[in-house]
Amino acid sequence: MAYDVSVLQNELDVLTVCKPASVPVHPCGQYRKNTIVGILQAEYGLAPLFPIHRLDRLVSGLLILARNASKADFFRQQIEAGLVQKQYIAKVIGVFPEDEIMVDANIDYNAREGRSTAEVENANGAVKGKAASTKFTQINTDGTHSIVLCEPITGRTHQIRVHLQYTGHPIANDMLYLSEHVIGRSAGRMSADRAAANSGHSPEFIFHDNCPGEENSRDDFSIDPMCTNCPNLAPKGYDGLEEGLWLHCFRYSGPGWTYECPYPDWASLPE
């Protein structure tokens with residue numbers, strides 16, 4: 001989608017930007033130059049850059065990039081020590097409970113399917129996946145949708161999306177994790193995930209937002225008989241109605257520092 005990458009703060013050793021949905025952070029899958037790092041280098045002359053965290057391709061919001069390796073290592077040490085707090089907002093289906101909810105459910109990521117599942121103990125007491133925890137708090141609701149504050153304690157693939165689905169309140173336009181009985185109540189426009197699902201095959205153009213590229217086998221792809229570089233050839237599975245996921249990173253904070261990003265337009269619910 002044709003959104004600009006907005007520079008929020010340009011400091012000596014830290015750069016923060018507001019990442020638009022649909023653009024990956026760094027090269028992956030079909031994306032080489034058209035990434036946040038590539039755009040910042042080509043259009044702003046900013047290099048080298050070291051992303052200190054990652055947002056999925058369909059997720060928008062705050063992205064922090066270090067300007068040098070030593071600052072990147074500073075952030076890495078704080079993240080590994082559990083000193084960094086991450087805050088997102090999501091627009092979900094239904095009236096989210098007013099009381100704070102803590103979800104502790106393992107995340108099991110299936111690379112071939114490009115999606116995760118929340119796992120609980122089976123009859124033998126075993127559980128698949130990696131431990132994951134997310135805290136959720138309702139911000140407001142209009143009776144149909146709710147805006148929810150999401151604070152992931154861990155960082156697993158699609159963690160917030162899967163844990164919201166686990167609560168029974170999936171992100172309202174997340175076709176990858178919306179259950180069948182709520183699809184009719186979701187947003188009218190299509191997400192990139194739904195467009196890919198509707199294409200009926202696995203085209204070389206379509207990747208899920210974690211960009212698993214190298215994890216896909218050769219058999220997963222079909223080759224278009226036309227030149228894939230032709231400017232008149234639209235990528236399969238997209239019809240111009242796609243939108244970004246209603247999940248937005250708005251704040252990262254640690255000892256002595258905080259970086260923020262403005263809320264997106266979809267975060268406002270009618271009174």
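The first residue of the sequence shown is numbered 1, and numbering continues consecutively from there. Both backbone and side-chain heavy atoms feed into the values below; hydrogens, waters and symmetry mates do not.
- Of the N and O atoms on the side chains of S146 and T141, at least one donor lies less than 3.5 Å from an acceptor on the other residue.
- Residues Y44 and V23 share a single hydrophobic cluster, defined by chaining ILVMFWY side chains whose heavy atoms lie under 4.5 Å apart.
- In this view, D73 and R76 satisfy the salt bridge (charged side-chain N to carboxylate O under 4.0 Å, His left out) rule, not counting sequence neighbours.
- A side chain to side chain contact (heavy atoms under 4.5 Å, CB included) with I171 holds for exactly one of L178, L164, L176; it is L164.
- How far CZ of R156 is from OG1 of T154: 5.0 Å, rounded to the nearest 0.5 Å.
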Run the side chain to side chain contact (heavy atoms under 4.5 Å, CB included) check on S22 and R57 step by step: do they pass? CA-CA 5 Å; S22 80; R57 184 177 63 82; 4.3 Å; yes
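- Within 6.0 Å of CD in E11 there are more than 12 heavy atoms belonging to other residues, nucleotides or ligands.
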Kindly determine whether H26 and T35 satisfy side-chain hydrogen bond (donor to acceptor under 3.5 Å, both in side chains), including the steps that lead there. CA-CA 5 Å; H26 48 66; T35 67; over 6 Å; no
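- In plain terms, the two heavy atoms of R67 and L46 that are nearest each other are NH2-CD2, 3.7 Å.
- Between H53 and L63, some side-chain heavy-atom pair lies under the 4.5 Å cut-off.
- Geometric assessment of K71 against the ring of F75 yields a positive cation-pi assignment under the 6.0 Å and 45° thresholds.
- Although no hydrogens or angles enter the test, the distance criterion places no donor-acceptor pair under 3.5 Å between the side chain of S133 and the main chain of I153.
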Please walk me through it: do R161 and D174 pass salt bridge (charged side-chain N to carboxylate O under 4.0 Å, His left out)? CA-CA 8 Å; R161 299 166 68 178; D174 190 353; 2.8 Å; yes
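- Between the side chain of Q78 and the main chain of L83, no donor-acceptor pair closer than 3.5 Å is present.
- The CD1 atom of I36 lies 9.0 Å from the SG atom of C18; values are rounded to the nearest 0.5 Å.
- Note that CD of Q87 and CG of L62 are 11.0 Å apart. Values are rounded to the nearest 0.5 Å.
- For the pair M102/D104, a side-chain contact is recorded, criterion being any heavy-atom separation below 4.5 Å from C-beta on.
- When atom types are taken as modelled, the side chain of T16 and the backbone of Q9 share a donor-acceptor pair closer than 3.5 angstrom.
- A side chain to side chain contact (heavy atoms under 4.5 Å, CB included) with V162 is found for one member of I107, T117, D108 and no other, namely I107.
- Using a 4.5 Å heavy-atom cutoff, the side chains of T134 and E151 are not in contact.
- Residues forming a salt bridge (charged side-chain N to carboxylate O under 4.0 Å, His left out) with K130 (at least two apart in sequence, or on another chain): none.
- Atom OH of Y166 has 12 or fewer neighbouring heavy atoms from other residues, nucleotides or ligands inside a 6.0 Å radius.
- Contact detail for H169 and P97: the closest heavy-atom pair is NE2-CD, 3.8 Å.
- Evaluation of the salt bridge (Lys or Arg N to Asp or Glu O under 4.0 Å) test over residues 37-47, restricted to residues two or more places apart or in two chains, returns none.
- Defined by atom type and a distance below 3.5 Å, a donor-acceptor pair is missing between the side-chain atoms of D4 and S6.
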